[in-house]
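The structure appears below as structure tokens.
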Amino acid sequence: CSKPLSSVALSDLFNKIIAQYKIDVFYITAPDSFSIFEKSWFGNAKVVATLYDIIPALMPRQYGLNKRVENEYKSHLKSMAIFDKLFAISQSAKDDFVNITKCDPKKIDVIGGAPDEKFIHKIVSNDRQNELKEKFKIDKDFIICTGGDDFRKNIDNLIISFLHIDKKYLEKYQLVIVCKIREEQIKYYLDIANKNNNKNNIVFTNFVTDEELIDLMNMAKASVFPS
């Protein structure tokens with residue numbers, strides 16, 4: 001829609017869908033928006049939603065939210081109290097939501113995220129390992145981080161922390177960061193490593209295919225996810 005739907009229009013729309021399909025449980029896959037939910041939208045249907053995170057409420061300045069928009073977003077979150085059940089992907093997401101909205105924590109179950117079936121444990125042949133190491137300029141055993149080029153992923157502090165581990169480990173391991181990332185960001189991160197005289201211990205693969213990702217994860221000695 002070019003314009004936001006009014007509350008009355010949304011109520012009519014949801015009620016029509018719920019009545020037409022005789023819906024008992026209305027599941028909202030991603031309620032993270034600025035809409036204010038109202039009970040009248042859903043009639044007698046139970047409402048369930050997946051709660052991913054509420055980062056804009058925790059870091060409004062980084063998201064460029066002024067006070068008005070920040071308050072609107074928090075009002076949106078509090079309106080989710082009408083839901084009958086929330087499935088949070090982490091204990092942290094649940095705790096943050098309860099802290100801000102004062103929602104009854106008994107309404108929220110932590111279910112975690114599930115990987116695609118393609119992500120399996122496997123033995124990667126020596127030839128394949130050599131192929132990937134050559135392609136991505138990996139020349140040691142390595143620790144892997146899969147994330148994204150986003151301040152929330154805490155890549156800069158991960159690099160700083162890695163470069164301060166015991167020297168005997170730095171001689172043995174590289175940190176391999178797997179995600180699509182802009183060249184200027186790679187330069188920024190490598191400058192951090194340079195200041196610690198350890199540029200060669202940090203590897204950025206940039207975009208990889210699913211097959212490469214699965215093999216790299218199986219080749220890694222450990223995985224780290226600091227966000």
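Nothing here was measured: the structure is a model prediction, and the numbers come from that model. If you read the sequence from its start, that first residue is 1, and numbering goes on from there.
The backbone N or O of Asp95 sits nowhere less than 3.5 Å from a side-chain atom of Asn99 that would complete a donor-acceptor pair. Counting only distance, with no hydrogens or angles, the side chain of Asp53 and the backbone of Ala93 share no donor-acceptor pair below 3.5 Å. Looking only at distances, no side-chain donor or acceptor of Lys74 sits under 3.5 Å from a matching main-chain atom of Ile100. Side-chain atoms of Asp141 do not come within 3.5 Å of backbone N or O of Tyr173 as any donor-acceptor pair. Not one N or O on the side chain of Lys94 forms a donor-acceptor pair closer than 3.5 Å with the backbone of Leu86. The backbone N or O of Ile120 sits less than 3.5 Å from a side-chain atom of Asn218, completing a donor-acceptor pair. Using a distance-only test at 3.5 Å, with no hydrogens or angles considered, a donor-acceptor pair links the side chain of Arg61 to the main chain of Leu65.
The salt bridge (charged side-chain N to carboxylate O under 4.0 Å, His left out) analysis of residues 117-138, with sequence neighbours excluded, yields the pairs Lys118-Asp210, Lys122-Asp215, Arg128-Glu131, Arg128-Asp215, Lys135-Glu212. Every pair tested for salt bridge (charged side-chain N to carboxylate O under 4.0 Å, His left out) that includes a residue from residues 216-225 fails, sequence neighbours excluded, so the list is empty. A side chain to side chain donor-acceptor pair (under 3.5 Å) check over residues 13-25, counting only residues at least two apart or in different chains, returns the pairs Ser11-Asn15.
Heavy-atom contacts from other residues, nucleotides or ligands closer than 6.0 Å to NZ of Lys39 number more than 12. Atom NZ of Lys85 sits in a crowded spot, with more than 12 heavy atoms from other residues, nucleotides or ligands closer than 6.0 Å. Asn44 CG: 12 or fewer foreign heavy atoms inside a 6.0 Å radius. Counting heavy-atom neighbours within 6.0 Å of Glu211 CD, excluding the residue itself, gives a total of 12 or less. Around atom CZ of Phe119, more than 12 heavy atoms belonging to other residues, nucleotides or ligands sit under 6.0 Å away.
Note on Phe162: it does not cluster hydrophobically with Val178, by side-chain heavy-atom contacts below 4.5 Å among ILVMFWY residues. In terms of hydrophobic clustering, with Ile, Leu, Val, Met, Phe, Trp and Tyr side chains grouped at heavy-atom distances under 4.5 Å, Ile138 and Leu158 are assigned to different clusters. Ile108 and Leu58 fall within a single hydrophobic cluster, where Ile, Leu, Val, Met, Phe, Trp and Tyr side chains are chained together by heavy-atom contacts under 4.5 Å. Under the 4.5 Å side-chain heavy-atom criterion for grouping Ile, Leu, Val, Met, Phe, Trp and Tyr, Ile214 is connected to Val176 within one hydrophobic cluster. Residues Met59 and Tyr52 do not share a hydrophobic cluster, defined by chaining ILVMFWY side chains whose heavy atoms lie under 4.5 Å apart.
The two atoms that bring Cys145 and Ile155 nearest to each other are SG-CD1, 4.2 Å, heavy atoms only. For the pair Ala45 and Asp84, the tightest heavy-atom approach, listed with the atom from each and the gap, is O-OD2, 4.3 Å. For the pair Asp149 and Cys179, the tightest heavy-atom approach, listed with the atom from each and the gap, is N-SG, 4.2 Å. For the pair Ile82 and Glu38, the tightest heavy-atom approach, listed with the atom from each and the gap, is CD1-C, 3.5 Å. Among all heavy-atom pairs drawn from Ile28 and Phe37, the shortest one is CD1-CE2, 4.0 Å. Scanning both residues, Phe142 and Met219, for their nearest heavy atoms gives CZ-CB, 3.7 Å.
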**Report entry** Stepwise side chain to side chain contact (heavy atoms under 4.5 Å, CB included) test for Ile202 and Tyr189
**Finding:** CA-CA 9 Å; Ile202 309 298; Tyr189 292 132; 5.9 Å; no
Report task. Would you please test Ile23 and Phe42 for side chain to side chain contact (heavy atoms under 4.5 Å, CB included) and show each step? Result -> CA-CA 9 Å; Ile23 294 172; Phe42 306 100; over 6 Å; no
Query raised in the report: Checking side chain to side chain contact (heavy atoms under 4.5 Å, CB included) for the pair Leu163/Lys195: CA distance, chi angles, key distance, verdict?
Result: CA-CA 10 Å; Leu163 297 178; Lys195 292 176 182 177; over 6 Å; no
**Report entry** Pair Val69-Tyr63, side chain to side chain contact (heavy atoms under 4.5 Å, CB included): steps then yes or no
**Finding:** CA-CA 11 Å; Val69 177; Tyr63 271 78; over 6 Å; no
Requested in this report: List the steps and the verdict of salt bridge (Lys or Arg N to Asp or Glu O under 4.0 Å) for Asp166 and Lys168.
Outcome: CA-CA 5 Å; Asp166 194 291; Lys168 66 182 180 182; 5.2 Å; no
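In this structure, the separation between SG on Cys103 and CG on Leu51 is 9.0 Å, given to the nearest 0.5 Å. Rounding to the nearest 0.5 Å gives a distance of 7.5 Å between CG of Asp96 and OG of Ser90. Rounding to the nearest 0.5 angstrom, the gap separating the CG atom in Asn200 from the CG atom in Leu170 is 11.5 Å. Note: Ile54 CD1 to Met80 CE = 8.5 Å, rounded to the nearest 0.5 Å. With rounding to the nearest 0.5 angstrom, the CG atom of Asp191 is 12.5 Å from the CG atom of Asp156. A distance of 4.0 Å separates CG in Leu13 from CD1 in Ile17, rounded to the nearest 0.5 Å.
The shortest side-chain heavy-atom distance between Asn206 and Lys180 falls under the 4.5 Å cut-off.
Remark: Lys187 does not engage Glu183 in a salt bridge, criterion side-chain N to carboxylate O under 4.0 Å.
Ring geometry for His76 versus Tyr73: interplanar angle of 30 to 60°, hence tilted.
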